[in-house]
Amino acid sequence: MEAFSAFFDSQSTSRGRWTYDSLKNFRQISPAVQTHLKQVYLSLCCALVASAVGAYLHLLWNIGGLLTTFACFGNIMWLLSTPPYEEKKRVSLLMATALFQGASIGPLIDLAIQFDPSKLDVLICKNLSCSILVSAFVGTAVAFGCFSVAALLARRREYLYLGGVLSSCLSILFWLNFASSMFGGSTAIYKIELYFGLLVFVGYMVVDTQEIIERAHLGDRDYVRHSLLLFTDFAAVFVRILIIMLKNSAEKNEKKKKRRN
């Protein structure tokens, strides 16, 4: 009990010290690590642009599917096995990975664009689909930004202990998905997988950000691999938020139909 009270006392005192000036306090992060983080987030932005290009290519030529998924994993393995001194090659592999990942997400984005639950006017449906896509991306970006800032402002190694918990949750998520695919799953189990997976990958945003900072302090300045780590977190959260928004929109329209009937 004393340990719990000490924990909550420390949390309350830390909240009491929270001011606007603390948002600008990066003194615990050295200038070299700050420069590394700038490279990481710049590479992440470029990877997101490449992913958007991949999704657009799928909309044009329908290239997304199993092959692009295998190509994405192949590029990840190639990138991780490439020595750090081959910087240009690794950056190119990162962009190729993001491109194939975007093409793999392309069918889901295409589904969102063609989403027509209420059989309304075409212009209204296009506006609805665009709003869902934009809202999903903005929601993911806001969540990513907020949790990244929280990880940057927190004390060093404060959230790293969550890595083991999140790994266990990820394995539970995998076995739930495996069991539902083998034996069939209900809608309730699917929703649990969806929301539970969203929470897990949001947690990974915080843990991975602090791990990148800690590794950078220890001399690991591999910004390409660190950008890949954050990109996979971003893509996983975006996919889940988009699916949740599509499901919620479909359920709302079903309720409207029942009320009209």
In chain order, what residues pass the side-chain hydrogen bond (donor to acceptor under 3.5 Å, both in side chains) check against [X], with sequence neighbours excluded?
| X | value |
| --- | --- |
| Q39 | none |
| K38 | none |
| D110 | Q114 |

Applying the 4.5 Å side-chain criterion to the ILVMFWY set and letting contacts propagate, would [X] and [Y] be lumped into a single cluster?
| X | Y | value |
| --- | --- | --- |
| L229 | L99 | no |
| L80 | I212 | yes |
| Y195 | I243 | yes |
| L246 | L59 | yes |
| I105 | L57 | no |

Item to complete: Using the side-chain hydrogen bond (donor to acceptor under 3.5 Å, both in side chains) rule, collect all pairs that involve residues 227-247, keeping only residues at least two apart or in two chains.
Response: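 Residue pairs passing side-chain hydrogen bond (donor to acceptor under 3.5 Å, both in side chains), neighbours aside: none found.
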
Worksheet entry | side-chain hydrogen bond (donor to acceptor under 3.5 Å, both in side chains) contacts in which one or both residues fall within residues 60-86, not counting sequence neighbours |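 Counting only pairs at least two positions apart or across chains, the side-chain hydrogen bond (donor to acceptor under 3.5 Å, both in side chains) contacts touching residues 60-86 are T68-S104, T69-S104.
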
Discussion item. Applying side chain to side chain contact (heavy atoms under 4.5 Å, CB included), can you list everything that pairs with L79, at least two apart in sequence or on another chain?
Written reply: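 In terms of side chain to side chain contact (heavy atoms under 4.5 Å, CB included), with neighbours along the sequence ignored, L79 is linked to R90, L93, L94, V224, L228.
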
Practice prompt. With sequence neighbours left out, write down each residue that passes side chain to side chain contact (heavy atoms under 4.5 Å, CB included) with C72, or none if nothing qualifies.
Written response: I76, T97, F100, Q101

Fill in: Apart from F70 itself, residues in the same hydrophobic cluster as defined by side-chain heavy atoms under 4.5 Å
L66

Worksheet item: What pairs with D220 under salt bridge (charged side-chain N to carboxylate O under 4.0 Å, His left out), at least two apart in sequence or on another chain?
Response: R215, R225

Item to complete: List in chain and number order the residues that pass salt bridge (charged side-chain N to carboxylate O under 4.0 Å, His left out) with R221, two or more places apart in sequence or in another chain; answer none if no residue qualifies.
Response: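 So R221 forms no salt bridge (charged side-chain N to carboxylate O under 4.0 Å, His left out) with any residue.
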
Worksheet entry | More than 12 heavy atoms of other groups within 6.0 Å of L67 CG | no

Could you pull out the closest heavy-atom pair between [X] and [Y], with the gap in Å?
| X | Y | result |
| --- | --- | --- |
| I213 | A151 | CD1-O, 4.4 Å |
| V237 | M205 | CG2-CE, 3.4 Å |
| V200 | L166 | O-CD2, 3.7 Å |
| S135 | M245 | CB-CE, 3.3 Å |
| A112 | L242 | CB-CD1, 4.3 Å |

Can you tell me how far the [atom1] atom of [X] sits from the [atom2] atom of [Y], to the nearest 0.5 Å?
| X | Y | atom1 | atom2 | value |
| --- | --- | --- | --- | --- |
| S148 | L230 | OG | CG | 6.5 Å |
| L173 | L194 | CG | CG | 9.5 Å |
| L152 | I29 | CG | CD1 | 5.0 Å |

Worksheet entry | Where at least one partner belongs to residues 223-254, residue pairs that pass ring-ring contact (aromatic ring centres under 6.0 Å, His included), sequence neighbours excluded | H36-H226, F137-F234, F144-F234

Donor-acceptor pairs under 3.5 angstrom involving side-chain atoms of residues 46-56: please list them, not counting sequence neighbours.
none

Worksheet item: Given side chains that start at C-beta, do those of L170 and Y204 come closer than 4.5 Å, heavy atoms only?
Response: yes

